Novice: 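Structure in structure tokens, see below.
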Amino acid sequence: MKYDYTAIEKKWQKIWAKKNAFAASDDYTKPKYYALVEFPYPSGQGLHVGHPRPYTALDIVARKRRFQGYNVLFPMGWDAFGLPTENYAIKNHIHPEIVTKNNVERFKKQIQSLGLSFDWNREINTTDPNYYKWTQWIFLQLFKKGLAYKKEMAVNWCTGCKVVLANEEVVGGVCERCGSEVIRKVKSQWMLKITEYAQRLLDDLDTVDYIDRVKVSQRNWIGRSTGAQVDFSTTAGDKLTIFTTRPDTLFGATYMVVSPEHPYIEKWADKITNLEEVRAYQEASAKKSDFERTELAKDKTGVVLEGVQAVNPVNGKEIPIFISDYVLMSYGTGAIMAVPGHDTRDWEFAKKFHLPIIEVVKGGDVEQEAFTDCETGILVNSGFLDGLSVEEAKKKIITWLEEKGLGTPKVNYKLRDWVFSRQRYWGEPIPLIYCEKCGWVPLDESELPLRLPEVENYEPTGDGESPLAAMESWVNVKCPHCGGPARRETDTMPQWAGSSWYFLRYCDPHNDKEIASKEALEYWTPVDWYNGGMEHTTLHLLYSRFWHKFLYDIGVVPTPEPYAKRTSHGMILGENGEKMSKSRGNVVNPDEIVRDYGADTLRLYEMFIGDFEKAAPWNQNSVRGCKRFLERIYGLTEILTPGNGYSKELEGPFHRTIKKVSEDIESLKFNTAIAAMMALLNDIIAIGKITQGELRTLLVLLNPFAPHITEELWEQCNFGGMLFEQSWPAYDEEKCKEEQVEIVVQICGKVRGRMTIAADSDEQALLAAAKGIPEIQPYLAGKTIIKEIAVKGKLVNLVVK
RNA sequence: GCGGGUAUGGCGGAAUUGGCAGACGCGCAGGAUUUAGGAUCCUGUGCCUUUCGGUGUGUGGGUUCGACCCCCACUACCCGCACCA
């Protein structure tokens, strides 16, 4: 009988859909399991072979959990707002809503052809007004709690897309999407105060089960550092406050630097005698793009402020103040004390401007390079700190500063507030109204969703205003507060908004009273296992943790963290080992694989391709290998024999395979789980027969990986009921053990012989048996055994002389 | 520069309280079957060597009876961040 995968896969997909086989139940008394994969952006290119890798992995987990008796929630949806759709709409004069609808249809069809056990009753779409109503609602709560604010600020302006980008969307100084140069431009933007949650986002990483590299990335991104804030008095009669992580080096501060945007420059304008030069420098750095700033990173520039000096609080010495763009306004206080002896950047600057370098921590040669080691150095030239270690000196100087009222301990974070506005059409409208009298007034919740208006033209205006701004009838409204004339906010939300809470909506997707019912959230959250790309670690993953914590604070969700466990998959590369892309011509289309080999083969191959967490190149021949495996499974019906138990020869292999597959699924080792099943199949074929009981077990084990073929064989063999309704097979630890094992006999660590012996033989028995085997006799003749090592079940090593 | 990761046959990859390196699959070689094979089945397959044997997990050291695995010092490649005071 031929393995007609096309017919089999269509048949079972239809049956599962009809039976609603994978719907999560609303019976909240059962144990639950919430498995989640990142919902895709439905791009115009259709599904990519990269998509099925994580989807299949968690589908395997979901299917295994159902067999284990859990009520499983495994949902799918569409993160459909975003620039590519909008750009496509502009280019082809099709409404983005239509573009989205078409793309979603295609994606859904493709995903469904893979036999993934998603609960399609809970499908969501971020562009659906019934969905974004709640995205807007959450924004209003943030606004009401003071966590959304508008700020004039230098933003990343993409010269290609004519749109403001988040810091995270700028890669290497250019636009992540179009590659155009990004420059700095001052605009009024909505911001979300994620920084207010920095410490909790950091601390609570200890409470969740994320793979290490995700935790490390988030910690680095949040970038906590501890130090001190210190006030330097100036000859202008005021105080300049700086942040430093090395207060111990205060005696080595020989000059100060403020950022070109620092407000004190205005304040001191009438005292600065070289104001023209300073202004010129300010302008020059304002014009620099981020790219230029990083390009020129090595070459320090700056201008001294003539007419104003600072006073080092520890020794009363007057020191010069510079402006330089190596000091960023966005971190700390926008001003630093420069300690060229012990900071590489300050050292470079000091060398260039011939400023004094004082050694205050002994251990290096500060004339050659900055000595930045905090572990070994001893303080020198530092008055009352002399002789102390760096750690001791830090404590002592902070105490001293506090006593004198000159400084305080201080914690700083690299994490910055989230730029939340976009001057684009295809996003959630921000539900706020600006009134001259009342300021920013939130829309009443009863007015939600605030729908996107129909417009003729979605094109960005290029002057930084959203296309919505041109819609006079939509923009001009009455103030909800005073009834006077007012205007709507015309910016929309970034793509990250809808994905920051979507996992909550799956719990109760049709609720029109709240984001999800209390009961549903209480039961389903947190997500038990969330898998997604590493590229979302510092964006989506951090943003959604922030929103979740906020929702927890206002009593909407019952848990402080959204995801109990987070894993991440590697990319699938082209056959040439490069990233798949149209321009490289190495893209593999999943539809063709499904057509030529079947969905089960595609699933199996993507799980077998290599370590799930690492990138792996596609290999068409290996796809064939997986197909061969399934064909041989299909052929097992021809050697099927009656009997419910395991045959004597296969009992051990079956128990071992059940154990291996059960454990490997939990630790993302899908490749070795499949290898174990392949090895078992080789054993079965070598023996030449399989009992009904054995085949039942094998089909259940393989079902999460290859659901269609296994369900088909289950039916063909009349095993009763549907395969997806069965239980996960159990194994007996005792029966996993081999009775006889082969023991290696080594002489001086080299394998010289082997013996087969009862697996439970103890060390004495092993040694006695080993000494008797003929192969090693030549190596023992005329020698003395000086050491004997025996390891149960493994080997014997005799050291001779 | 900083942070993270990786390095094992022709290829993808297995192997952990330190104990037979190369499971499983691909490819390749030989054979069977076939009108035919890019189908199927069987056998073999790290490298060197006719054999005996030797040798082998990026490089150089070390610890150990024994190291892909632990320690020290390097090299190469990949990813992320990047003047964060």
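Remember, it's a predicted structure, so these values are computed and weren't measured experimentally. Naming: A, B, ... by sequence-line order, numbering from 1 per chain.
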Novice: Just checking A:Gly625: base, sugar-phosphate only, or nothing, at a heavy-atom cut-off of under 4.0 Å?
Specialist: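 Touches sugar-phosphate only.
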
Novice: Under 4.0 Å between any heavy atoms, over every strand shown, what does A:Ser225 touch: base, sugar-phosphate, or nothing? Just pick one.
Specialist: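 The residue A:Ser225 makes sugar-phosphate contact but no base contact.
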
Novice: If you check every side-chain atom of A:Ala679, which of B:C24, B:A85, B:A14 has the closest atom?
Specialist: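 Nearest to the side-chain atoms of A:Ala679, counting from C-beta on, is B:C24.
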
Novice: Using a cut-off of 4.0 Å on non-hydrogen atoms, how would the nucleic acid contact of A:Asn412 be classed: base, sugar-phosphate, or nothing?
Specialist: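 Nothing, no heavy atom under 4.0 Å.
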
Novice: Of all the choices, B:C26, B:C24, B:G13, which nucleotide is nearest to the side chain of A:Ala616 once you look at every atom?
Specialist: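 That would be B:G13.
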
Novice: Can you label the angle between the A:Phe349 ring and the A:Tyr326 ring as parallel, tilted or perpendicular, going by 30° and 60°?
Specialist: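 Answer is tilted, since the angle falls between 30° and 60°.
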
Novice: Remember a base hit wins even if backbone is also touched, and classify A:Arg224 as base, sugar-phosphate or nothing at under 4.0 Å, heavy atoms.
Specialist: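 The answer is nothing, as A:Arg224 stays clear of every strand by at least 4.0 Å.
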
Novice: Classify the ring geometry between A:Tyr543 and A:Trp418 as parallel (under 30°), tilted (30 to 60°) or perpendicular (over 60°).
Specialist: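 Parallel.
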
Novice: Would you mind classifying the nucleic acid contact of A:Lys627 as base, sugar-phosphate or nothing, using non-hydrogen atoms under 4.0 angstrom?
Specialist: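 It contacts nothing in the nucleic acid.
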
Novice: Before giving the answer on salt bridge (Lys or Arg N to Asp or Glu O under 4.0 Å), spell out for A:Arg219 and A:Asp206 the whole-Å C-alpha distance, their side-chain angles and the decisive distance to 0.1 Å.
Specialist: CA-CA 11 Å; A:Arg219 285 199 187 104; A:Asp206 295 334; 3.3 Å; yes

Novice: Any chance you could measure A:Leu767, atom CG, to A:Asp762, atom CG, to the nearest 0.5 Å?
Specialist: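 Going from CG on A:Leu767 over to CG on A:Asp762, the span is 9.0 Å.
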
Novice: Between B:G27, B:A15, B:G3, which nucleotide gets closest to the side-chain atoms of A:Lys669?
Specialist: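 Nearest to the side chain of A:Lys669 among the choices is B:A15.
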
Novice: So what does A:Lys794 touch, heavy atoms closer than 4.0 Å: a base, only the sugar-phosphate, or nothing?
Specialist: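 A:Lys794: backbone/sugar contact only, no base atoms under 4.0 Å.
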
Novice: How would you label the contact of A:Leu795 with the nucleic acid (heavy atoms, under 4.0 Å): base, sugar-phosphate, or nothing?
Specialist: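 If one applies the 4.0 Å heavy-atom cut-off, A:Leu795 turns out to touch a base.
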
Novice: What is the nucleic acid contact for A:Glu535, judged by heavy atoms within less than 4.0 Å: base, sugar-phosphate only, or nothing?
Specialist: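 No contact at all - A:Glu535 keeps every heavy atom at 4.0 Å or more from the nucleic acid.
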
Novice: Taking only side-chain nitrogens and oxygens of A:Arg628, does any of them come within less than 4.0 Å of OP1 or OP2 of B:G25?
Specialist: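 It does not, given that no N or O in the side chain of A:Arg628 lies less than 4.0 Å from OP1 or OP2 of B:G25.
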
Novice: Does B:G9 have a Watson-Crick or wobble mate here (both distances under 3.5 Å), and if so which one?
Specialist: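 Pairing partner: none.
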
Novice: For nucleotides 63-77 of chain B, read 5' to 3', which letter fits each nucleotide if B means a protein heavy atom sits under 4.0 Å from the base, S means only the sugar-phosphate is that close, and - means neither?
Specialist: --B------------

Novice: Would you say CD of A:Glu375 has more than 12 non-hydrogen atoms from neighbouring residues, nucleotides or ligands within 6.0 angstrom?
Specialist: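 12 or below, so no.
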
Novice: Could you check which nucleotide pairs with B:C74 in any of the strands shown, counting Watson-Crick or G-U wobble with both distances under 3.5 Å?
Specialist: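 Base partner found: B:G58.
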
Novice: Heavy atoms under 4.0 Å, any strand shown: does A:Arg754 hit a base, just sugar-phosphate, or nothing?
Specialist: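 It contacts base atoms.
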
Novice: According to the Watson-Crick and G-U wobble definitions, with both distances under 3.5 Å, which nucleotide is paired to B:U50?
Specialist: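 Looking at the geometry, B:U50 pairs with no nucleotide.
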
Novice: Please give the nucleotide sitting opposite B:C2 as a Watson-Crick or G-U wobble pair, both distances under 3.5 Å, or none.
Specialist: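 The answer is B:G80, by the H-bond criterion.
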
Novice: Donor-acceptor pair under 3.5 Å: do we get one between A:Arg624's side chain and the base of B:C26?
Specialist: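 In this structure, the two groups form no donor-acceptor pair.
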
Novice: Using purine N1 to pyrimidine N3 plus N6-O4 or O6-N4 for Watson-Crick, or N1-O2 and O6-N3 for G-U wobble, both under 3.5 Å, which nucleotide pairs with B:C69?
Specialist: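 Looking at the geometry, B:C69 pairs with no nucleotide.
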
Novice: So A:Arg632, base contact, sugar-phosphate only, or nothing? Heavy-atom distance under 4.0 Å.
Specialist: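 Counting heavy atoms under 4.0 Å across all strands, the contact made by A:Arg632 is with sugar-phosphate only.
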
Novice: To the side chain of A:Pro617, which of B:G12, B:A85, B:C24 is closest?
Specialist: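 The answer is B:G12, which lies nearest to the side chain.
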
Novice: Return the value, rounded to whole Å, for the distance between atom CD of A:Glu369 and atom C1' of B:G1.
Specialist: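 That distance rounds to 13 Å.
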
Novice: Please give the nucleotide sitting opposite B:U35 as a Watson-Crick or G-U wobble pair, both distances under 3.5 Å, or none.
Specialist: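 The answer is none; no pair meets the criterion.
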
Novice: Report yes if a donor N or O on one partner sits less than 3.5 Å from an acceptor N or O on the other, where the partners are the side chain of A:Lys300 and the base of B:C83; otherwise report no.
Specialist: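 Yes, a donor-acceptor pair under 3.5 Å.
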
Novice: Looking at side-chain heavy atoms only, is the closest gap between A:Leu250 and A:Phe232 below 4.5 Å?
Specialist: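 Yes, close enough: below the 4.5 Å cut-off.
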
Novice: Under 4.0 Å, counting only non-hydrogen atoms across every strand here, what does A:Ser217 touch: a base, just sugar-phosphate, or nothing?
Specialist: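 Touches nothing.
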
Novice: Within the structure, does a side-chain N or O atom of A:Asn621 lie under 4.0 Å from either OP1 or OP2 of B:G27?
Specialist: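 Yes, such a contact exists.
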
Novice: With heavy atoms under 4.0 Å as the rule, sort A:Lys660 into base, sugar-phosphate or nothing.
Specialist: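 The answer is nothing, as A:Lys660 stays clear of every strand by at least 4.0 Å.
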
Novice: Could you tell me whether A:Ala338 contacts a base, only the sugar-phosphate backbone, or nothing, with contacts defined as non-hydrogen atoms closer than 4.0 Å?
Specialist: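 Nothing, no nucleic acid heavy atom in range.
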
Novice: What contact category does A:Asp212 fall into here, base, sugar-phosphate, or nothing, at under 4.0 angstrom with non-hydrogen atoms?
Specialist: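 Since no nucleic acid heavy atom lies under 4.0 Å of A:Asp212, the category is nothing.
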
